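A, B, ... follow the sequence lines: proteins, then strands. Residue 1 opens every chain. Note that the structure is a prediction, hence the values are computed from the model and not measured.
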2 protein chains.
Amino acid sequence: MSLDQFEDERDAAIHKVRKRVIETIGRNMDLYGISQSTGHLYGLLFFADKPMTLDEMGREMKMSKTSMSTGVRTLLDLKMVNKVWEKGSRKDLYEVEYDWYQTFTDFFDIKWRKSVESNIQILSKSIDEMGRLLTEYEHDPEFTELLRKDIAKLHEAVAYYGWLDRLIDTFESGEIFKLVPKEPPTPHN
Amino acid sequence: MSLDQFEDERDAAIHKVRKRVIETIGRNMDLYGISQSTGHLYGLLFFADKPMTLDEMGREMKMSKTSMSTGVRTLLDLKMVNKVWEKGSRKDLYEVEYDWYQTFTDFFDIKWRKSVESNIQILSKSIDEMGRLLTEYEHDPEFTELLRKDIAKLHEAVAYYGWLDRLIDTFESGEIFKLVPKEPPTPHN
DNA sequence: AAGAACGTACAGAAAAAACTGTACGAAATT
DNA sequence: AATTTCGTACAGTTTTTTCTGTACGTTCTT
């Protein structure tokens with residue numbers, strides 16, 4: 001009985017600290033386009049001593065299993081958590097990807113890359129079409145002026161997305177760590 | 001009358017192309033944590049030939065002036081649009097920041113930086129507290145093991161956020177453009 | 001000084017997103 | 001083959017966000 005009491009005391013102490021961290025992580029997860037509660041779930045998995053099942057998550061989060069299922073899938077899509085195999089258990093087990101650098105680069109590769117490429121495609125197509133209008137209305141100086149301005153803007157946008165694409169390349173290839181090393185440079189004087 | 005007809009035809013042609021681009025931009029703006037319609041507003045401003053007033057935006061977007069006001073403020077906070085001064089007019093005028101590289105780096109400086117710093121602060125504090133628990137329960141091997149694991153995780157997290165902080169520094173200083181130039185490297189063989 | 005035009009605070013309505021419970025198909029166990 | 005256990009699709013509910021109209025303070029105009 002008194003043993004339990006000690007355990008409760010210990011648990012409460014560590015739980016309090018964990019909780020604050022989990023909530024901080026959860027709150028800031030909106031940068032990744034993730035809802036607060038899914039971020040919270042991520043925080044939970046971050047501290048879990050072992051891979052968790054959906055039921056365990058639901059119990060800890062005091063939420064339905066359905067929500068856990070959709071939350072985990074969101075995190076899985078972003079490769080923020082991994083599915084873990086464990087013989088014996090026929091439940092699905094999940095744990096966070098502890099390599100946060102990897103998580104960061106994956107995020108850009110998954111979310112941003114998709115936008116970048118679709119944007120470049122649409123923009124290029126639009127440049128072509130405006131070019132066609134340019135020849136079609138070449139004797140209309142007022143209108144061609146308008147078109148020229150738009151085309152110039154679109155070209156700049158394409159150039160920017162090209163840059164973004166190359167930036168994401170350096171994330172994915174790990175080249176970025178040459179410019180910004182994981183270990184901060186030690187000041188030597 | 002026939003002149004008007006020509007104008008309509010031209011306008012319709014350019015409008016169709018613009019519309020598609022605007023919608024593409026708007027759709028992808030969720031990466032910046034911006035709602036679709038505010039993204040749409042951004043797209044509108046992108047093509048505007050001149051700085052626009054709230055009333056003009058409302059007319060084009062077919063939305064209330066209030067919405068324009070809040071939308072513009074969101075974009076202003078992210079420095080995606082700028083307030084423009086024009087003597088004579090006493091209305092507020094806005095135009096997009098056409099330097100998208102600047103917009104990109106500002107975004108990280110504004111949104112991510114805030115998260116990074118608050119996270120580092122909370123995490124450090126939590127490491128301290130867990131360290132205190134470590135000495136308090138030093139004769140409880142099972143519990144200290146738990147604490148040690150948590151502390152290790154927290155240290156890794158702090159290291160990651162430190163890296164992120166330095167990465168954002170390179171965005172802000174423009175150093176990133178040394179690694180990833182705005183002009184793509186020309187292949188010379 | 002009075003009036004008009006502007007931007008936004010605020011409260012309520014509309015729309016979107018998150019969450020839950022039930023139901024069901026798939027896979028493992030008996 | 002029957003039964004149990006699992007994960008998720010789906011419909012309905014709750015919560016959150018977005019949008020609108022009115023009202024009001026401020027700043028120009030007259």
Rounded to the Å, how far apart are B:Lys91 NZ and C:dT8 C1'?
-> 15 Å
Pair A:Asp49 + B:Lys149, salt bridge at N-O below 4.0 Å = no
Which residues, if any, of residues 27-42 of chain A bring a heavy atom under 4.0 Å of DNA chain C?
-> A:Ser35, A:Ser37
Do A:Lys153 and B:Tyr98 pass the side chain to side chain donor-acceptor pair (under 3.5 Å) test, and can you show the C-alpha distance, the side-chain angles, and the key distance before you say yes or no?
-> CA-CA 8 Å; A:Lys153 284 180 190 172; B:Tyr98 281 106; 3.2 Å; yes
Are any non-hydrogen side-chain atoms of B:Asp150 and A:Phe47 less than 4.5 angstrom apart?
-> yes
Would you call B:Arg113-B:Asp169 a salt bridge at under 4.0 Å N-O?
-> yes
Side-chain contact test, heavy atoms from C-beta onward, threshold under 4.5 Å: evaluate it for A:Lys178 versus B:Leu179 and give yes or no.
-> no
Does A:Asp92 come within less than 4.0 Å of A:Arg73, counting only side-chain N to carboxylate O?
-> no
Can you hop from A:Leu164 to A:Leu31 via hydrophobic side chains spaced under 4.5 Å?
-> yes
Grab the N/O contacts between the protein and nucleotides 27-30 of chain C below 3.5 Å, and write none if there aren't any.
none

Rounded distance (Å) that lies between atom C1' of D:dC6 and atom CD of A:Glu56 = 14 Å
For the rings on B:Trp112 and B:Tyr32, is their centre-to-centre separation under 6.0 Å?
-> no
Ion pair check, B:Lys16 and A:Glu129, cut-off under 4.0 Å = no
Expected list for residues 60-82 of chain A near DNA chain D, using heavy atoms below 4.0 Å, is A:Lys65, A:Thr66, A:Ser69, A:Arg73
For the pair made of CZ in B:Arg59 and P in D:dT20, what is the distance, rounded to whole Å?
-> 15 Å
Rounded to whole angstrom units, what separation is found between the NZ atom of B:Lys83 and the C1' atom of C:dC6?
-> 11 Å
Do B:Glu60 and B:His40 come within less than 4.5 Å of each other through their side chains, counting heavy atoms only?
-> no
